[in-house]
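Everything on this sheet refers to the single structure shown next.
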Amino acid sequence: MIPLLSVERLVKHYAQGGAFARRGAVVKAVEDVSFTIAAGETLGLVGESGSGKTTVGRAVLRLELPTEGIVRFEGTDLATLSPAELRTLRRRMQIVFQDPFASLNPRRTVGASVAEGLEIHKMLPKREIPERVAELLEEVGLDAAYAHKYPHEFSGGQRQRIGIARALAVEPSFIVCDEPVSALDVSVQAQVLNLLLDLRDARNLSYLFIAHDVALVRQIAHRVAVMYLGTIVEIGPARTVIDAPKHPYTQALVSAVPQPDPTKGTARIVLAGDPPSPSNPPSGCPFVTRCFHPMKDSRCAAQRPSLRLVAGRDVACHYAD
Ligand code: ADP
Ligand code: MG
């Protein structure tokens with residue numbers, strides 16, 4: 001069966017900007033990333049800030065042109081589409097941002113923002129739009145009368161619900177959720193997460209769910225991909241990976257999650273130093289400069305490990321087993 005989304009060997013390099021940039025220096029934001037997402041499936045994408053998560057999400061939606069690699073949606077290579085065909089397909093692929101202000105125009109009513117996609121894609125006769133907007137607001141747990149209000153009149157959680165209604169309006173089958181609850185209070189995070197779960201089940205949505213919070217991803221994702229310095233270092237079923245991580249980087253990430261039962265948790269692994277610059281990554285294993293694996297050796301510095309199957313997940317470590 002063709003997956004809904006397939007990403008093959010995605011690479012994104014940025015020319016390094018700024019007055020002090022070395023000539024020809026490139027930021028290797030994403031290096032050789034591959035994954036698939038099936039209909040109704042959620043892939044979590046975790047990793048520390050700067051590891052390339054947002055770049056992957058944007059390249060998948062072609063908001064950013066990949067340097068190399070192929071993104072297929074229902075088997076169609078997005079690079080082969082005309083601008084008009086791409087616009088039509090965009091309706092099926094939406095994004096929810098960390099900061100809903102990024103997608104909401106402060107001078108437009110909530111109703112106008114939610115209706116925008118319906119109008120652009122001419123999905124309904126004009127007179128039917130207000131009723132549809134009311135339904136969408138109710139679907140995300142808001143009062144239909146809020147359509148006449150402006151974004152600044154709402155709390156962060158409500159604004160994120162509006163951002164979700166706006167994405168849903170055009171009936172997508174796939175949504176990139178880029179840290180959708182990171183900016184919210186913890187109590188509100190759970191509510192918005194539950195909304196995303198309910199919507200996924202009701203509409204058979206697929207999500208690429210980007211987060212730095214591993215515990216959150218464990219709740220929503222079927223599978224998880226762990227990114228470090230632009231590459232996937234571990235990918236597999238969310239519980240397999242998060243409950244028994246094999247890559248030392250994943251082990252460090254997971255060890256930072258507070259345990260409800262302190263007698264059960266393993267000791268927190270604090271990584272030494274900062275991640276290397278993506279414009280000058282180590283040769284060999286990208287994690288070699290911070291790795292604490294007891295078997296780390298000259299092979300790790302010389303040879304980049306490929307993903308390989310170990311205990312039910314794929315892991316890029318020479319010594320994962
Ligand atoms: P994450 O979402 O995991 O925090 P990003 O995908 O935003 O990571 O960024 C990955 C790397 O690419 C970072 O080093 C970031 O500084 C760099 N980067 C992102 N966007 C650009 C851009 N437009 N120009 C240059 N560098 C960029
Ligand atoms: Mg990001």
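Remember, it's 1-based here, ligands and their atoms both numbered in the order they're listed. Keep in mind that what you see is a predicted model, and the values were worked out from it rather than measured.
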Looking at ligand 1, does any of its N/O atoms fall within less than 3.5 Å of an N/O of Ala15?
no

Looking at the rings of Phe174 and Tyr207, which for Trp means the six-membered one, are their centres under 6.0 Å apart?
no

What atoms in ligand 1 come closer than 4.0 Å to a heavy atom of Ser49?
4 (O)

To which protein heavy atom is atom 3 (O) of ligand 1 closest, and what is the distance rounded to 0.1 Å?
Lys53 NZ, 2.8 Å

May I ask you to decide if Pro245's main-chain N or O and Glu234's side chain share a donor-acceptor pair within less than 3.5 Å?
no

Of the backbone and side-chain N, O or S atoms of Ser49, does one lie nearer to the Mg ion (ligand 2) than 2.8 Å?
no

I'd like to know if Asp178 pairs up with Arg58 as an ion pair, taking the criterion as any Lys NZ or Arg NE/NH1/NH2 lying under 4.0 Å from an Asp or Glu carboxylate oxygen.
no

Here's one to test your reading of the geometry: is the NZ or CZ of Lys12 within 45 degrees of the ring axis of Tyr14 and under 6.0 Å from its centre?
yes

Give the contacting part of Gln16 toward ligand 1: side chain, backbone, both or neither, where contact means a heavy-atom distance below 4.0 Å.
neither

Relative to the heavy atoms of Glu48, which atoms of ligand 1 are at a distance of less than 4.0 Å?
3 (O)

Looking at atom 26 (N) of ligand 1, what's its closest protein heavy atom, distance included?
Tyr14 CD1, 3.5 Å

To atom 12 (O) of ligand 1, the nearest of Gly57, Ala59, Ala29, Ser51 on a heavy-atom basis is Ala29

Starting from atom 17 (C) of ligand 1, find the nearest protein heavy-atom neighbour and note its residue, name and distance.
Val27 CG1, 3.8 Å

Exactly one of Glu171, Glu85, Glu74 clears salt bridge (Lys or Arg N to Asp or Glu O under 4.0 Å) with Arg92, and that residue is Glu74

Quick one, Leu168 with Ile175, criterion side chain to side chain contact (heavy atoms under 4.5 Å, CB included). Give me CA distance, side-chain angles, the key distance, then yes/no.
CA-CA 9 Å; Leu168 285 181; Ile175 303 180; 4.3 Å; yes

Under a 4.0 Å threshold between the charged nitrogen and the carboxylate oxygen, would Glu153 count as salt-bridged to Arg159?
no

Would you find a donor on one side and an acceptor on the other, under 3.5 Å apart, between the side chain of Gln189 and the backbone of Val181?
yes

How are the rings of His293 and Tyr319 set relative to one another: parallel (under 30°), tilted (30 to 60°) or perpendicular (over 60°)?
tilted

Can you report which non-hydrogen protein atom sits closest to atom 8 (O) of ligand 1, along with the distance?
Gly52 N, 3.2 Å

Which bit of Pro278 gets closer than 4.0 Å to ligand 1, counting heavy atoms only: side chain, backbone, both or neither?
side chain

Before signing off on this row, confirm whether Gly50 and ligand 1 have an N or O atom pair separated by under 3.5 Å.
yes

Check ion pair Asp321-Arg308 (N to O, under 4.0 angstrom)
yes

Atom 5 (P) of ligand 1 - nearest protein heavy atom and its distance
Thr55 OG1, 3.6 Å

For atom 15 (C) of ligand 1, state whether the nearest protein heavy atom is under 4.0 Å away.
no

Starting from atom 7 (O) of ligand 1, find the nearest protein heavy-atom neighbour and note its residue, name and distance.
Thr54 CB, 3.7 Å

Below 4.0 Å from any atom of ligand 1, is there a heavy atom belonging to Arg58?
no

